[in-house]
Amino acid sequence: MIEHLGGAVIPTGFDVPVEPLRRAAHYTGEPGCIAEARDFAARFLEQLRTEWCAAIGPRADGELLLVVSELVTNADRHSNGPYILELEGTDSAILVSVYDSSVALPRRFPKDPERIGRHGLEIVHALAVEVSAERVPVGKRVRALVRFPG
């Protein structure tokens, strides 16, 4: 909100969003869903930049899309049904949550450059400041908090 007093424009501080931006999308697991989830995350990040006036650098795009891609790919491969991608963001961080129908919690394997595959959670841990997995009534939820510098 902006008040106009005697011709002067005075920002009141109420023009900045208070609630995080939240969006969710449902995916069936059919071919193309992972690409759709990445596109959804890219549009979400652009919304943060425009609606929140968030000064998020271009490096954040790649990091967020990689985290989303890895978590959604895991849900796609290891669950027997649809999954949900939920994004909650501010100008400083985005919380990525993926819900799927499997109750098996993901395992993070020790670093092994000779191992082929199973590096997804290792990548997520490298990019996110917090990663958690828990069982929920529908199966499980895996969350990753990605912070932006600045």
Side-chain angles (χ1 to χ4, degrees), residues 1 11 13-150:
M1 172 183 277
F14 295 115
D15 52 343
V16 177
V18 178
E19 291 293 318
L21 181 64
R22 292 183 181 95
R23 299 286 182 266
H26 177 268
Y27 300 97
T28 61
E30 294 176 14
C33 285
I34 296 167
E36 288 176 26
R38 288 173 54 89
D39 184 57
F40 177 76
R43 287 188 317 239
F44 181 84
L45 198 51
E46 193 54 38
Q47 231 178 336
L48 273 178
R49 287 182 174 117
T50 56
E51 291 180 21
W52 269 76
C53 299
I56 300 169
R59 182 179 173 145
D61 293 69
E63 291 178 0
L64 177 67
L65 296 184
L66 188 51
V67 167
V68 166
S69 186
E70 292 298 334
L71 293 181
V72 169
T73 297
N74 285 348
D76 193 72
R77 287 187 181 161
H78 302 291
S79 69
N80 295 321
Y83 46 91
I84 296 169
L85 168 63
E86 183 179 80
L87 301 173
E88 180 177 307
T90 65
D91 58 346
S92 62
I94 292 180
L95 179 61
V96 179
S97 300
V98 177
Y99 296 82
D100 68 47
S101 60
S102 172
V103 295
L105 297 177
R107 291 180 32 214
R108 182 177 171 198
F109 295 94
K111 290 181 181 182
D112 180 359
E114 295 184 19
R115 183 179 64 241
I116 297 173
R118 298 189 177 185
H119 293 280
L121 212 49
E122 186 179 330
I123 293 167
V124 171
H125 275 270
L127 296 172
V129 294
E130 293 176 29
V131 179
S132 65
E134 64 181 336
R135 289 185 179 91
V136 294
V138 297
K140 73 172 168 291
R141 174 179 65 196
V142 181
R143 293 180 129 177
L145 180 63
V146 179
R147 288 206 191 280
F148 308 121

V68 vs F40, side-chain contact (heavy atoms from CB on, under 4.5 Å): CA-CA, chis, key distance, verdict: CA-CA 10 Å; V68 166; F40 177 76; over 6 Å; no
Closest contact, heavy atoms only, W52 versus D91: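 Of all heavy-atom pairs spanning W52 and D91, the closest is CE3-N, 3.8 Å.
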Shortest non-hydrogen contact from A41 toward L65: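 Nearest heavy atoms, A41 then L65: CB-CD2, 3.8 Å.
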Set of salt bridge (charged side-chain N to carboxylate O under 4.0 Å, His left out) partners for [X], sequence neighbours left out:
| X | result |
| --- | --- |
| R107 | none |
| R23 | none |
| E46 | R49 |
| E70 | none |

Listed by chain and number, what are the side chain to side chain contact (heavy atoms under 4.5 Å, CB included) partners of [X], not counting sequence neighbours?
| X | value |
| --- | --- |
| T28 | E30, C33 |
| H78 | N74 |
| V103 | R135 |

Throw together a table of side-chain donor-acceptor distances under 3.5 angstrom for residues 92-100, partners on residues two or more places apart or in other chains.
unit_1, atom_1, unit_2, atom_2, d
S92, OG, T90, OG1, 3.3
S97, OG, R143, NE, 3.0
Y99, OH, R141, NH1, 3.3
D100, OD1, S102, N, 2.9
D100, OD1, K140, NZ, 3.0
D100, OD2, K140, NZ, 3.2

Step-by-step side-chain contact (heavy atoms from CB on, under 4.5 Å) determination, L45 to F148: CA-CA 12 Å; L45 198 51; F148 308 121; 4.1 Å; yes
Rounded to the nearest 0.5 Å, how far does [atom2] of [Y] lie from [atom1] of [X]?
| X | Y | atom1 | atom2 | value |
| --- | --- | --- | --- | --- |
| T73 | R38 | OG1 | CZ | 8.5 Å |
| L21 | E51 | CG | CD | 5.5 Å |
| I34 | D39 | CD1 | CG | 14.0 Å |

Give every donor-acceptor pair under 3.5 Å between a side-chain atom in residues 122-131 and any protein atom, sequence neighbours left out.
unit_1, atom_1, unit_2, atom_2, d
E122, OE1, R115, NH2, 3.3
E122, OE1, H119, ND1, 3.3
H125, ND1, R108, NH1, 3.2

Pairs meeting criterion salt bridge (Lys or Arg N to Asp or Glu O under 4.0 Å) with involvement of residues 72-90, two or more places apart: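 Qualifying pairs: R22-E88.
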